[in-house]
Amino acid sequence: MKELKDKIEEHKRNFDRAIAQVKDENAIQKVRNLYLSRKRGYLRFLFEDLKTLKPEEKPEVGQMVNDFRNYVQDKLQSLKEEFTTPRPVLKKVDLTLPGKKRYWGSPHPILLFQQEIENIFLRMGFSIAEGPEIETDYYNFEALNFPPHHPARDDWDTLYITDDLLLRTHTSPVQIRVMEKKKPPIMIINPGKVYRKEDPDPTHLPMFYQVEGLVVDIGITLAHLKGTLEYFLKTLFHEKIKIRFRPSFFPFTEPSAEVDIGCTVCQGKSKECRVCGGSGWIEILGSGMVDPQVLKNVNIDPEKYSGFAFGLGVERTAMFAFQIPDMRYFYENDLRFIREFSLK
Amino acid sequence: MRISVNWIRDYIDVSLSIPRLIEELNSIGLLIEEWEEKGGDVILDLETYANRPDTLGHMGVARELAAKLGLPIKEQTWPLTELEEKTSDLVDIQIWDGDLCPRYSGIIVKGVQLGTSPDWLIKKIEAMGLKPINNVVDVSNYVLFATAQPIHIFDLAKIGGRKIIIRRAKKGEILRSLEGEDIHLSHEMLVIADDKKPIALAGIIGGEESAVSEYTRDVFIESAYFDPVSVRKTNKKAGIQTDASYRFERGADISFSPQAALMAASLLTQIGGEATKGIKDVYPKPKKSKTVVLRNHRVSELLGVDVDEDFIEKTLTDLGFQVELQQQGIWRIKIPFFRIDIEREADLIEEIARFYGFDRIPARIPPLKTLEPVLDQKRRRVNRLRQLLFHYGFDEVVNYSFFDPEKEAIFETSRKAVRIRNPISSRASLLKTTLIGGLLENIVWNRNRGAEGVHIFEAGKIYFSQDETCVEQLMLALVTSGFVGTTHWQTESEKADFFQLKGTCEDLMADLHYEPFSFQEENHPFFQQGYSLSLHFKGKAVGYLGLLKEDILDSYSLKDPVWAAELNLNELFERQPQSFLYSPVIKYPSMSRDVSFIADQDVVFQEIKEVVERLSIPYLEKFELYDRFSGPFIPKDKISLSFRFIFRHPKRTLLTEEVDNLQQKIINALKTSFNIQLREGEKIDK
């Protein structure tokens with residue numbers, strides 16, 4: 001019994017020496033492990049030793065061991081508090097002050113919208129083809145079945161560089177260039193700038209963006225044109241949008257169709273509707289089956305292959321999609337206008 | 001074209017409500033854009049197509065509608081009060097230039113009482129949006145709007161020698177038109193002439209002298225077919241577009257010419273005149289009808305739906321085609337002359353589609369047989385650059401491709417601008433040779449509307465001619481001016497400057513792995529002297545940046561400095577960027593050393609950089625300038641520069657002594673090359 005009491009005393013002296021030398025938190029942890037570790041700490045062994053005593057001796061020595069354990073714990077605790085740097089007192093902050101925001105640039109709405117259009121077609125397996133904006137009369141008109149001196153050319157008021165060079169009035173010349181080089185199957189869209197001799201007004205611009213498309217293969221039908229464009233319009237606008245295919249005329253397609261969507265502003269109910277002009281319909285796309293003469297012009301046999309083509313004006317469509325009353329807004333480049341689209 | 005519903009009812013008994021009627025017309029491609037009720041009638045605004053001149057008259061529209069609705073067309077008769085005299089005895093019609101006028105028909109009405117038209121005719125003329133003139137003019141307009149065949153009525157007494165000669169004009173001939181304008185004729189123009197001189201510009205406008213007047217008693221009615229290309233060239237050249245030329249240049253119905261003359265004569269005899277016997281019809285080489293073979297299997301191959309054979313036959317017959325079955329599923333179709341647009345099988349298939357109804361054609365997705373890999377790096381790269389610029393707070397703009405010649409001159413791009421022959425305005429008569437002009441206009445616009453800072457970019461083409469060809473070059477331009485970013489109570493507002501722009505350019509290059517690139521001080525016509533750099537990659541100048549020179553800013557009335565950069569993306573994208581591969585992250589710690597020194601004020605950073613780089617110090621991972629200042633604690637004409645050098649060994653931890661040695665090597669080299677004094681903390685070593 002005496003032996004054990006001496007042992008406790010010795011541990012206590014050693015402990016006091018150890019903590020006197022402690023300089024940081026790490027050292028505290030080491031001392032703690034030495035005495036209090038559940039597996040190898042001295043206190044654990046002291047409690048083991050207790051079991052060897054006679055029952056009448058246990059209370060007294062047991063008390064001593066317990067006191068020692070409390071002593072170790074208290075000391076270590078107060079030491080630890082001594083070594084941890086006190087946390088600074090928080091100053092009261094006005095949390096209602098405005099947060100710090102980044103200035104992010106905005107994409108131009110036309111390019112943003114054009115990409116949206118492109119992405120729908122890319123998902124369907126179309127690829128993108130581009131071509132020059134300064135074109136020859138051949139690619140812009142003749143190859144597309146506009147005879148020289150034909151009144152059909154009046155619908156495509158043209159800016160000329162020379163007798164033969166002009167600013168393309170549509171991106172269809174790209175389709176000719178692709179078909180000259182590549183045999184079907186062809187499945188492309190042609191986005192880009194096009195030009196018309198038009199003074200800018202709320203619904204006309206001398207320069208605007210188009211996305212046109214072309215599919216040529218064996219067995220392509222008007223039904224495929226309808227399916228493709230219906231999918232496109234429903235994805236771009238709304239699944240439940242009303243779509244109408246209406247016979248029309250383009251020199252490069254036969255049959256030709258214009259595609260209207262139901263006016264989502266007045267639902268066709270207002271004769272004074274600013275958006276649809278009271279007709280209930282908005283013209284969105286021109287389209288049709290590629291004219292056999294156009295296929296012949298690029299040495300594709302119209303008896304074997306058929307195709308469809310379509311095109312839309314990006315500004316016109318964006319005007320309708322976002323209810324923008326004046327097409328010229330797109331080219332004023334007013335940052336207040338452009339930045340509205342960054343929130344989208 | 002204006003279509004009167006009452007007029008349509010002269011030909012078919014249509015009783016549909018107006019919205020239903022419009023729907024039916026739209027479904028067959030006759031688009032009604034607007035309509036209005038007017039004096040008990042409804043006027044439809046019909047959009048017509050360049051290939052369908054047959055719909056430029058009420059009869060043609062009625063024919064389409066009748067076919068759509070399955071209605072019979074009411075027969076009209078044109079009775080004549082006839083004289084004994086034969087037309088051919090009174091007028092001698094000679095076609096000298098049959099290539100431009102294959103058919104010419106005429107008839108004379110004598111004893112015409114010029115006066116106000118009857119009510120029914122006035123209503124029709126007014127429905128077309130015209131003012132009634134007199135019964136003769138009104139009759140000719142009536143025939144045009146009814147049949148789409150223009151006719152012309154001459155005062156017979158004014159036709160010299162009673163001769164009608166259809167010939168090319170002679171050089172120097174002049175015709176005074178109905179509208180009192182002198183038209184100088186040239187040889188390619190076709191005229192109607194009498195024995196001496198032109199009396200009308202064929203198919204376009206009549207002459208003043210031979211026009212019907214209050215003294216007119218007898219008239220000659222002309223109904224002819226003129227070559228469309230000739231009419232178009234002449235009206236373009238003479239600058240005269242009339243209802244008649246609009247129809248002739250699209251192509252008239254060559255078979256209908258005598259019938260239209262007869263209609264006019266009949267109407268004129270109903271108001272008092274008497275017609276000569278027989279229409280004089282000069283048609284030396286009658287045209288043959290076109291025939292086209294139509295195969296039923298092609299109909300379904302093109303439309304994607306099987307159309308009933310009976311439906312095909314009925315539709316084409318109702319539209320005036322003669323349908324003859326060759327064998328099962330193959331027809332021979334004779335095309336009426338009024339359908340100048342139908343020449344091939346595909347044209348007939350369109351007719352079937354129109355009347356079958358586009359809405360009844362199913363919608364299918366085309367089968368995907370190939371899928372092309374997206375090879376277009378250009379679009380991907382441009383998009384990457386755009387995203388980076390958005391991060392940096394640059395807004396995107398898109399400007400017109402046009403350029404004002406006055407502005408172009410100020411930029412002195414040395415690129416030969418492409419000129420537009422017929423521009424929308426003289427200030428937009430060139431194509432732009434730089435994107436910066438447009439961006440400056442955008443700065444002005446936004447500054448004038450209260451923007452304190454404008455930081456914008458445009459990725460687009462510039463245009464110029466080189467070796468006789470037009471070049472389109474993809475560029476990226478950015479400009480920065482005024483305050484940058486958002487304002488915040490914690491931080492001070494920053495102003496745009498050269499290094500903001502330069503850093504952006506550096507990051508643009510690095511982002512696409514166009515490394516290593518370099519800058520050179522180089523003067524450029526856009527920038528103030530000594531304030532511009534050129535950017536080089538793989539030995540080629542790919543861009544320039546700097547402070548825009550004052551006369552450019554002045555020409556846009558810009559007062560504040562504007563920093564601008566323009567990169568030639570074509571040049572850049574033609575070159576291979578550094579290929580990107582993963583390199584292992586080094587797990588050994590780095591050691592950094594700061595070196596501060598005082599140097600002469602005019603020391604050039606690039607030279608310091610090159611001295612250090614030339615040393616090829618091992619394990620020097622990077623070094624950067626982190627402070628540069630002059631002021632009270634620094635001797636006059638000196639600056640303080642602070643560099644941080646970061647060392648790292650790929651395979652072990654560096655030793656302090658090693659790094660000390662390397663640092664000393666750098667310091668020694670700097671001391672040898674430049675007049676510098678090291679700083680130690682705030683102390684200056686002496």
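All chains are named by letter (A, B, ...) in the order of the sequence lines, taking the proteins before the strands, and each is independently numbered beginning at 1.
- A donor atom on one side chain and an acceptor atom on the other are not found under 3.5 Å apart for A:Tyr195 and A:Asp157.
- Heavy-atom proximity under 4.5 angstrom to chain A picks out B:Trp445, B:Asn446, B:Arg449 from residues 445-452 of chain B.
- Only the side chain of A:Glu118 has a heavy atom closer than 4.5 Å to any heavy atom of chain B.
- Using a 4.5 Å cut-off between heavy atoms, B:Pro228 does not touch chain A at all.
- Between the side chains of B:Gln241 and B:Ser245, at least one donor-acceptor pair of N or O atoms lies under 3.5 Å.
- Interface residue A:Glu133: backbone and side-chain heavy atoms are both found under 4.5 Å from chain B.
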Does A:Glu258 form a side-chain contact (heavy atoms from CB on, under 4.5 Å) with A:Leu285? I'd like the steps, not just the answer. CA-CA 6 Å; A:Glu258 267 174 300; A:Leu285 287 144; over 6 Å; no
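- With a 4.5 Å cut-off on non-hydrogen atoms, A:Glu332 touches chain B through its backbone and its side chain both.
- For B:Phe402, the part sitting under 4.5 Å from any heavy atom of chain A is the side chain, from C-beta outward, and nothing else.
- B:His391 and B:Gln387 share no side-chain donor-acceptor pair at under 3.5 Å.
- Electrostatic pairing of A:Asp291 and B:Arg344 counts as a salt bridge here, judged by a charged N lying under 4.0 Å from a carboxylate O.
- When heavy atoms are compared at a cutoff of 4.5 Å, B:Leu431 approaches chain A solely by way of its side chain, counted from C-beta outward.
- Side-chain contact check for A:Asn190 and A:Glu130: no donor-acceptor pair (N or O, by modelled atom type) lies under 3.5 Å.
- Of the atoms belonging to B:Tyr246, not a single heavy atom falls under 4.5 Å from chain A.
- Heavy-atom distances place the side chain of A:Met187, and not its backbone, under 4.5 Å from chain B.
- Proximity to chain A (any heavy atom under 4.5 Å) is shown, for B:Leu303, by both the backbone and the side chain.
- For the 3.5 Å distance criterion, the side chains of B:Thr480 and B:Gln500 qualify, holding a donor opposite an acceptor.
- Two residues are said to be in side-chain contact when any heavy atoms from C-beta on lie closer than 4.5 Å; B:Ile456 and B:Glu396 fail this criterion.
- Counting heavy-atom pairs under 4.5 Å between each of A:Pro206, A:Gly125, A:Pro251 and chain B puts A:Pro206 at the top.
- Heavy-atom distances place the backbone of A:Thr158, and not its side chain, under 4.5 Å from chain B.
- The contact between B:Glu249 and chain A is made by backbone and side chain atoms together, counting heavy-atom distances below 4.5 Å.
- Between B:Arg52 and the choices B:Thr55, B:Thr48, B:Asp54, the side chain to side chain donor-acceptor pair (under 3.5 Å) rule is met once, by B:Asp54.
- Annotation: maximal heavy-atom pairing with chain B below 4.5 Å, among A:Ser248, A:Gly227, A:Ala223, occurs at A:Ala223.
- Salt bridge annotation for B:Glu188-B:Lys233: absent, with no cationic side-chain nitrogen under 4.0 angstrom from a carboxylate oxygen.
- In this structure, chain B has a heavy atom under 4.5 Å from the side chain of A:Asp217, while its backbone stays farther away.
- For the set A:Leu165, A:Leu229, A:Ile110, A:Thr162, the count of heavy-atom pairs under 4.5 angstrom toward chain B peaks at A:Thr162.
- Only the backbone of B:Phe394 comes within contact range of chain A, with at least one heavy atom under 4.5 Å from a heavy atom of that chain.
- Annotation: salt bridge (charged side-chain N to carboxylate O under 4.0 Å, His left out) contacts involving residues 351-360 of chain B, sequence neighbours excluded, comprise B:Glu64-B:Arg354, B:Arg339-B:Glu351, B:Glu351-B:Arg354.
- Using a 4.5 Å cut-off between heavy atoms, B:Thr487 makes no contact with chain A at all.
- Contacts between A:Leu166 and chain B at a heavy-atom distance below 4.5 Å are absent for every atom of the residue.
- Both the backbone and the side chain of A:Tyr331 come within contact range of chain B, each with at least one heavy atom under 4.5 Å from a heavy atom of that chain.
- No side-chain donor from either of B:Asn399 and B:Glu441 sits under 3.5 Å from a side-chain acceptor of the other.
- A side-chain N or O of A:Thr96 and one of A:Asp94 form a donor-acceptor pair less than 3.5 Å apart.
- A cation-pi arrangement is absent between A:Lys100 and B:Trp489, since the terminal nitrogen or guanidinium carbon is not both under 6.0 Å from the aromatic centre and inside a 45° cone about the axis.
- Only the side chain of B:Val418 has a heavy atom closer than 4.5 Å to any heavy atom of chain A.
- B:Asn383 and B:Arg386 form a side-chain donor-acceptor contact under 3.5 Å, judged by distance and modelled atom types alone.
- There is no contact between A:Ile243 and chain B, counting heavy-atom distances below 4.5 Å.
- At least one cation-pi condition fails for B:Arg250 and B:Tyr49: the charged atom is not both under 6.0 angstrom from the six-membered ring centre and inside a 45 degree cone around its axis.
- Contacts of A:Ile338 with chain B are made by side-chain atoms alone, with heavy-atom separations under 4.5 Å and no backbone atom involved.
- Contacts between B:Ser401 and chain A at a heavy-atom distance below 4.5 Å involve backbone atoms as well as side-chain atoms.
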